[in-house]
Novice: 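My structure is below; once you've seen it, I'll send some questions.
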Amino acid sequence: MNQDRTAGTLRRLPVQKRSVERFERLLDACAEILDEVGYAALTTKEVARRAEVPIGTLYQFFSDREGLIGALAARNLELFLARVTDRLEREAPDGIAGIVDVTVDEFVAMRRTITGFGVVDFGAVGEDHVLEPTRDNNTAVAGRLRALTGALTGVPDDDELDIAVRVALECADGVLQLAFRTDPQGDPRLIAECKRVLNCYLGDRIVPQPA
């Protein structure tokens with residue numbers, strides 16, 4: 001896990017193999033409980049019990065419940081970016097439409113299959129600074145996606161790209177939330193509309209540069 005992504009949410013990062021295993025078990029347990037009872041009912045005591053880890057060990061890593069949520073959101077973001085990057089490298093899609101398809105498809109796949117992702121993807125409802133203390137969650141995610149988009153398209157990583165990715169992410173967030181409120185597996189029509197909106201907007205704002 002990238003330490004910069006978790007600044008302010010952890011007391012310490014695990015180093016030794018046993019500590020790493022306990023840390024991951026705690027996040028896995030947190031995700032399971034979120035799926036079962038939701039964010040409001042999540043407690044550090046139950047997370048520790050489910051992970052079969054002493055409560056004192058939990059507090060060695062996390063200061064509170066919000067620390068757990070922040071670490072889970074950061075893990076989700078790193079997994080999402082890794083999945084998107086891997087697919088883009090393997091498939092080498094052409095143009096913005098291909099990048100949009102892969103990015104939306106991987107988010108939808110994680111929403112359908114990753115435990116707890118439907119409650120805490122890259123942040124929790126009402127918790128706007130889970131990933132970073134100085135930037136809201138969507139702005140933090142947009143920063144990571146902007147760097148990836150710039151590398152893939154060859155466009156300058158500047159203020160113009162920053163605003164384009166931030167607006168696109170806000171649009172996608174709203175439409176995909178609606179898609180999963182309408183259908184627990186994500187309404188296919190709304191997912192398709194999300195891609196349409198992103199393609200229209202980003203296709204006008206980002207012109208890939210020749211290699």
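All values below come from the heavy atoms of this structure, side chains included, with hydrogens, waters and symmetry mates left out. Quantities reported herein were computed from a predicted structural model and do not represent experimental measurements.
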Novice: Keeping the roles fixed (side chain from Ser19, backbone from Val15), state whether a donor-acceptor pair exists under 3.5 Å.
Specialist: no

Novice: Does Arg146 offer a backbone N or O that forms a donor-acceptor pair with the side chain of Asp162 under 3.5 Å?
Specialist: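 Here the side-chain-to-backbone pair does not exist.
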
Novice: Should we count CZ of Arg112 as having more than 12 external heavy atoms under 6.0 Å?
Specialist: yes

Novice: Between Val155 and Leu145, is there a shared hydrophobic cluster once you connect ILVMFWY residues whose side-chain heavy atoms come closer than 4.5 Å?
Specialist: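 Shared cluster, yes.
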
Novice: Calculate, to the nearest 0.5 Å, the distance between atoms SG and CG belonging to Cys30 and Leu42 respectively.
Specialist: 4.5 Å

Novice: Please report the closest heavy-atom contact between Cys194 and Val175, naming both atoms and the distance.
Specialist: CB-CG1, 3.7 Å

Novice: Can you find a pair of side-chain heavy atoms, one from Phe107 and one from Val84, that are under 4.5 Å apart?
Specialist: no

Novice: Would you call Arg144 and Glu78 a salt bridge, using N to O less than 4.0 angstrom?
Specialist: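 Result for this pair is yes, salt bridge flagged.
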
Novice: State the CD-CZ distance between Gln60 and Arg22, to the nearest 0.5 angstrom.
Specialist: 8.0 Å

Novice: Would you call Arg75-Asp28 a salt bridge at under 4.0 Å N-O?
Specialist: yes

Novice: Within the structure provided, determine whether Arg111 and Gln185 are in side-chain contact (heavy-atom separation under 4.5 Å).
Specialist: no

Novice: State whether the number of non-hydrogen atoms from other residues, nucleotides or ligands found under 6.0 Å of Asp158 atom CG is greater than 12.
Specialist: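 Above 12, so yes.
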
Novice: From Ile55 CD1 over to Tyr59 OH, what is the distance, rounded to the nearest 0.5 angstrom?
Specialist: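 If we round to the nearest 0.5 Å, Ile55:CD1 and Tyr59:OH are 4.5 Å apart.
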
Novice: Are Arg205 and Ile163 packed together at the side-chain level, in the sense that at least one heavy-atom pair is separated by less than 4.5 angstrom?
Specialist: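 Contact flag for Arg205/Ile163 side chains = yes.
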
Novice: Would you call Leu79 and Met110 a side-chain contact if the rule is heavy atoms closer than 4.5 Å?
Specialist: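 The answer is yes; the side chains approach within 4.5 Å.
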
Novice: Shortest non-hydrogen contact from Ala147 to Asp157?
Specialist: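 Nearest pair, atom of Ala147 first, then Asp157: CA-OD2, 4.2 Å.
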
Novice: So which atom in Leu131 and which in Asn137 form the shortest heavy-atom distance, rounded to 0.1 Å?
Specialist: N-OD1, 3.3 Å

Novice: Measuring only between side-chain heavy atoms, which start at C-beta, is Arg181 closer than 4.5 Å to Leu178?
Specialist: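 Yes - at least one pair of side-chain heavy atoms lies under 4.5 Å apart.
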
Novice: Does some side-chain heavy atom of Phe62 sit less than 4.5 Å from a side-chain heavy atom of Thr57?
Specialist: no

Novice: Under a 4.5 Å cut-off applied to non-hydrogen side-chain atoms, are Asn138 and Glu170 in contact?
Specialist: yes

Novice: How many angstroms lie between atom OG1 of Thr103 and atom CZ of Phe80, to the nearest 0.5 angstrom?
Specialist: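 Rounded to the nearest 0.5 Å, the OG1-CZ separation comes to 5.5 Å.
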
Novice: Start with the C-alpha distance between Ile99 and Thr153, add both sets of side-chain angles, then the distance that settles side-chain contact (heavy atoms from CB on, under 4.5 Å), and finish with yes or no.
Specialist: CA-CA 9 Å; Ile99 296 172; Thr153 61; 3.9 Å; yes

Novice: Would you sort out whether Ile114 and Arg83 count as a side-chain contact (heavy atoms from CB on, under 4.5 Å), showing the intermediate values?
Specialist: CA-CA 13 Å; Ile114 300 298; Arg83 288 172 61 134; 4.3 Å; yes

Novice: Kindly give the heavy-atom pair with the smallest separation between Leu26 and Ala48, and that separation in Å.
Specialist: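 Taking every non-hydrogen atom into account, CD2-CA, 4.1 Å.
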
Novice: Could you pull out the closest heavy-atom pair between Ala142 and Leu169, with the gap in Å?
Specialist: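 So the minimum-distance heavy-atom pair works out to N-CD2, 3.6 Å.
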
Novice: Any salt bridge between Arg50 and Glu46, counting N to O under 4.0 Å?
Specialist: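 Answer for the salt bridge query: yes.
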
Novice: Can a salt bridge be assigned to the pair Arg87 and Glu106 using a cut-off of 4.0 Å between side-chain N and carboxylate O?
Specialist: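 Answer for the salt bridge query: yes.
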
Novice: Please determine whether salt bridge (Lys or Arg N to Asp or Glu O under 4.0 Å) holds for the pair Lys195 and Asp105, giving the CA-CA distance in whole Å, both sets of side-chain angles, and the decisive distance to 0.1 Å.
Specialist: CA-CA 9 Å; Lys195 292 180 180 181; Asp105 286 348; 2.7 Å; yes

Novice: Applying the 4.5 Å side-chain criterion to the ILVMFWY set and letting contacts propagate, would Phe180 and Val197 be lumped into a single cluster?
Specialist: no

Novice: Would you find a donor on one side and an acceptor on the other, under 3.5 Å apart, between the side chain of Asp187 and the backbone of Thr182?
Specialist: no

Novice: Are Phe122 and Phe117 an aromatic pair by the rule of ring centers under 6.0 Å?
Specialist: yes

Novice: Show the nearest heavy-atom pair for residues Leu27 and Leu68, with the distance to one decimal.
Specialist: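 Looking at all heavy atoms of both residues, the shortest contact is CD2-O, 3.9 Å.
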
Novice: Answer yes or no: is there a donor N or O on one side and an acceptor on the other, between the side chain of Thr139 and the main chain of Arg135, under 3.5 Å?
Specialist: no

Novice: Would you call Glu21 and Arg18 a salt bridge, taking side-chain N to carboxylate O under 4.0 Å as the test?
Specialist: no

Novice: Do the rings of Phe61 and Phe23 sit parallel, tilted or perpendicular, given the 30° and 60° boundaries?
Specialist: perpendicular

Novice: Does some side-chain heavy atom of Pro93 sit less than 4.5 Å from a side-chain heavy atom of Asp101?
Specialist: no

Novice: Please round to the nearest 0.5 Å and tell me the distance separating atom CG of Leu58 and atom OG of Ser63.
Specialist: 10.0 Å

Novice: Applying side-chain contact (heavy atoms from CB on, under 4.5 Å), run through Ile191 and Val104 and close with a yes or a no.
Specialist: CA-CA 8 Å; Ile191 292 169; Val104 172; 4.0 Å; yes

Novice: Let me see the working for Leu34 and Leu72 under side-chain contact (heavy atoms from CB on, under 4.5 Å), right down to the final yes or no.
Specialist: CA-CA 11 Å; Leu34 285 170; Leu72 180 61; 3.6 Å; yes

Novice: Got a second to check how far Leu190's CG is from Gln177's CD, nearest 0.5 Å?
Specialist: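 Result: 12.5 Å between the selected atoms.
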
